[in-house]
Amino acid sequence: MIGTVIAVVVTLLLTACVTWFLSTAYQKKVTEGKIGSAEERARKIIDEALKTAEDTKREKLLEVKEEALKTRNDLEKEVKDRRNEVQRSERRVQQKEENVEKRSEAIERKEQSLNAREEAINKKSEEVAKLNEQRVQELEKISGLTSEQAKEYLLKIVEDDVKHESALMIKNMEAEAKEEADKRAKEIVVNAIQRCAADHVSETTISVVQLPNDEMKGRIIGREGRNIRTLETMTGVDLIIDDTPEAVVISGFDPIRREVARIALEKLIVDGRIHPARIEEMVEKAQKEVAAKIKEEGENAAIEAGVHGLHPEVVKILGRMKFRTSYGQNCLKHSVEVAQLCGLLASELGLDVRVAKRAGLLHDIGKAVDHELEGSHIQLGVEICKKYKESQTVINAVEAHHGDVEPQSLIAVLVQAADTISSARPGARRETLETYTSRLKELEDITNSFKGVDHSFAIQAGREVRVMVVPEQVSDADMVLMARDIAKKIEDEMEYPGQIKVNIIRESRATDYAK
């Protein structure tokens, strides 16, 4: 039994060994077959790749050869074109050289001809000079004057003729200029306003309100700007809030609206409660306060001027002039001053002092409303006086104080004079006494610098200069030219408002004594 088992085990071992050797040999054979077929496929792939590479190489070589051939053809064509262009340029240059040679020959011929002419002209000039000397000598013998004396005589005659003709021409030109003066006056005034209005307007159309601190600016503006919009809408002015520390600028052409806005804003700043409802309340209070102030100022002006019995509405309109200026001069103070001057002049002439003061006080009343209604302040003043039943004398004085109509009474003439005195006195309208006297001295210095001037006097507050000339040195014809030259020099060297009248005065006197 044991032997059988051993035999079976040995048989199984031998069978396993044989089987292993057989399977190993079979796998080796199969593996070798696979390797052989893989190598064969690899050789085929390599052969195909080499064949493809050769084909690609041949194609690229063909393309390169074609491109090179094409480039060569293009270069040959370009070279040929450039060669043709060079040949054409050479032909043009050759033609130009030939033309230049021809022109040079022509110029040489002309130079030779000109030289010959120049020599002939020089000979003739010498002959003319000799003849001229002979002619001058003959003329000196005949006239008994040397050439220099004759020249001075002729120049004097020509100078006198030119002066006379120049004076006549200037007179004619001035006459023509006066004919066109009315047409050009408006244009000149408009240009003057355009050049000079900026500084004046900026100084007289704004008010500045001081703030306790810069935080107040945000409260004045309000949420989304509702406070500032309400204040601008209620007062009709513009509020300018910029980087200026602790200040707000109120801008507007109506001085009363500006005053209302200023008072209302100051009240709001003091109160501290700034919102639309409070703004409306403060604006109403400010309007009432300004209206009361206007009435009070009108009454005070009437009392100061010594004018009684004015209509209450006239008193209110008069009070509005407290907030109106003209060239920096307060219109209400100017009117009171004119009324007082009219009263003084009327008392000296024995006229009605009461009517004179009334006319002087009301002469500029139209300026209180000229920014609200159409028309000049004279027209508006006349309408106001007619509306409130003023006398014809007062109405005519208001209408004639700038010379628009002829004065019908002596009081109207006094109003004109008083208005001029009040406006033209030193310091009245944005001009200090030092500047005023300096301008008058400069005006007299300019006129005294001219030859033949004896004395000069600046009068009418610098609006006119009178020049006294020496009659032996300045003739009547010279006066016209001198006036023109003085006016021109004043325009070039001085700055002045309006216009300056230049008067030249020539006076001859003969004195003798009876013994």
Table please: side-chain donor-acceptor pairs of residues 116-130 below 3.5 Å, with sequence neighbours left out.
residue: N122; atom: ND2; partner: E118; partner atom: O; Å: 3.2
residue: S125; atom: OG; partner: I121; partner atom: O; Å: 2.9

Legend entry - Qualifying residue, where the test is side-chain contact (heavy atoms from CB on, under 4.5 Å) with I220 and the options are N227, I274, L268: I274
Inset, instruction - Inspect the contact between E259 and R262 and indicate whether a charged nitrogen and a carboxylate oxygen are less than 4.0 angstrom apart. - result: yes
Inset, instruction - May I ask you to decide whether D445 forms a salt bridge with K441, counting only side-chain N to carboxylate O separations under 4.0 Å? - result: yes
Inset, instruction - For residues E442 and E493, report the shortest heavy-atom separation together with the two atoms involved. - result: OE2-O, 3.3 Å
Inset, instruction - List in chain and number order the residues that pass salt bridge (Lys or Arg N to Asp or Glu O under 4.0 Å) with E76, two or more places apart in sequence or in another chain; answer none if no residue qualifies. - result: R72
Legend entry - Under the side chain to side chain contact (heavy atoms under 4.5 Å, CB included) test, residues paired with L75 that sit two or more places apart: T71, E78
Just list the side-chain donor-acceptor pairs under 3.5 Å for residues 91-113, sequence neighbours left out, or say none.
residue: R92; atom: NH2; partner: S89; partner atom: OG; Å: 3.3
residue: N99; atom: ND2; partner: Q95; partner atom: O; Å: 3.3
residue: S104; atom: OG; partner: V100; partner atom: O; Å: 2.8

Inset, instruction - Can you see which heavy atom on E224 is nearest to which on R229, and at what distance? - result: O-NH1, 2.7 Å
Legend entry - 4.5 Å side-chain heavy-atom contact, H334 and D419: yes
Inset, instruction - Over all heavy atoms of both residues, which pair between V237 and A261 is shortest? Give the atoms and the distance, please. - result: CG2-CB, 3.6 Å
Inset, instruction - Go through the steps to decide whether K51 and E54 satisfy the test salt bridge (charged side-chain N to carboxylate O under 4.0 Å, His left out), and finish with yes or no. - result: CA-CA 5 Å; K51 185 177 179 181; E54 288 294 332; over 6 Å; no
Legend entry - Qualifying salt bridge (Lys or Arg N to Asp or Glu O under 4.0 Å) pairs, either residue in residues 466-479, two or more places apart: K163-D478, E464-R466, D476-R506
Inset, instruction - Side-chain contact test, heavy atoms from C-beta onward, threshold under 4.5 Å: evaluate it for K267 versus I263 and give yes or no. - result: yes
Legend entry - With sequence neighbours excluded, residues passing side chain to side chain contact (heavy atoms under 4.5 Å, CB included) with A487: V502
Legend entry - T230: side-chain hydrogen bond (donor to acceptor under 3.5 Å, both in side chains) partners, not counting sequence neighbours: none
Inset, instruction - Taking all non-hydrogen atoms of both residues into account, name the closest pair between M282 and A264 and its distance. - result: O-CB, 4.0 Å
Legend entry - Interatomic spacing from CG in L211 to CZ in R219 - rounded to 0.5 Å: 11.0 Å
Inset, instruction - Sequence neighbours left out, what passes salt bridge (Lys or Arg N to Asp or Glu O under 4.0 Å) with R484? Give chain and number order. - result: E174
Legend entry - Partner residues of D55 under the salt bridge (Lys or Arg N to Asp or Glu O under 4.0 Å) criterion, sequence neighbours left out: R58
Legend entry - Partner set under side chain to side chain contact (heavy atoms under 4.5 Å, CB included) for M468, not counting sequence neighbours: H455, F457, I505
Inset, instruction - For residues S449 and K489, report the shortest heavy-atom separation together with the two atoms involved. - result: OG-NZ, 3.2 Å
Inset, instruction - In sequence, state the C-alpha distance, the side-chain angles, and the governing distance for Q473 and V469, and then conclude on side-chain contact (heavy atoms from CB on, under 4.5 Å). - result: CA-CA 8 Å; Q473 298 181 10; V469 297; over 6 Å; no
Inset, instruction - Would you check if I486 and M482 make a side-chain contact, meaning some heavy-atom pair closer than 4.5 Å? - result: yes
Legend entry - Residue pair D364 / C331, side-chain heavy-atom distance below 4.5 Å: no
Legend entry - Closest non-hydrogen atom pair, T447 against V453: O-CG2, 3.4 Å
Inset, instruction - For E215, look at atom CD and say whether over 12 heavy atoms of other residues, nucleotides or ligands are found less than 6.0 Å away. - result: no
Legend entry - Side-chain touch K77/D81, heavy atoms, less than 4.5 angstrom: yes
Inset, instruction - For atom CE of M494, decide whether the heavy atoms of other residues, nucleotides or ligands shown that lie under 6.0 angstrom number more than 12. - result: yes
Inset, instruction - Tell me, please, which residues at least two apart from T15 pass side chain to side chain contact (heavy atoms under 4.5 Å, CB included). - result: T11, T19
Legend entry - Atom pair CZ/CZ of R88 and R83 - distance to nearest 0.5 Å: 12.5 Å
Inset, instruction - Mind checking salt bridge (Lys or Arg N to Asp or Glu O under 4.0 Å) for D271 and listing every partner two or more places apart, or none if nothing turns up? - result: R273, R278
Inset, instruction - For the pair S456 and N448, evaluate side chain to side chain donor-acceptor pair (under 3.5 Å) and give the outcome as yes or no after the intermediate values. - result: CA-CA 6 Å; S456 63; N448 288 330; 2.8 Å; yes
Legend entry - Atom NZ of K333 with >12 non-hydrogen neighbours under 6.0 angstrom: no
Inset, instruction - To the nearest 0.5 angstrom, please state how far the OG1 atom of T233 sits from the CD atom of E280. - result: 9.5 Å
Inset, instruction - Quick one: pull up CD1 in I256 and OG1 in T235 and give me the separation to the nearest 0.5 Å. - result: 13.5 Å
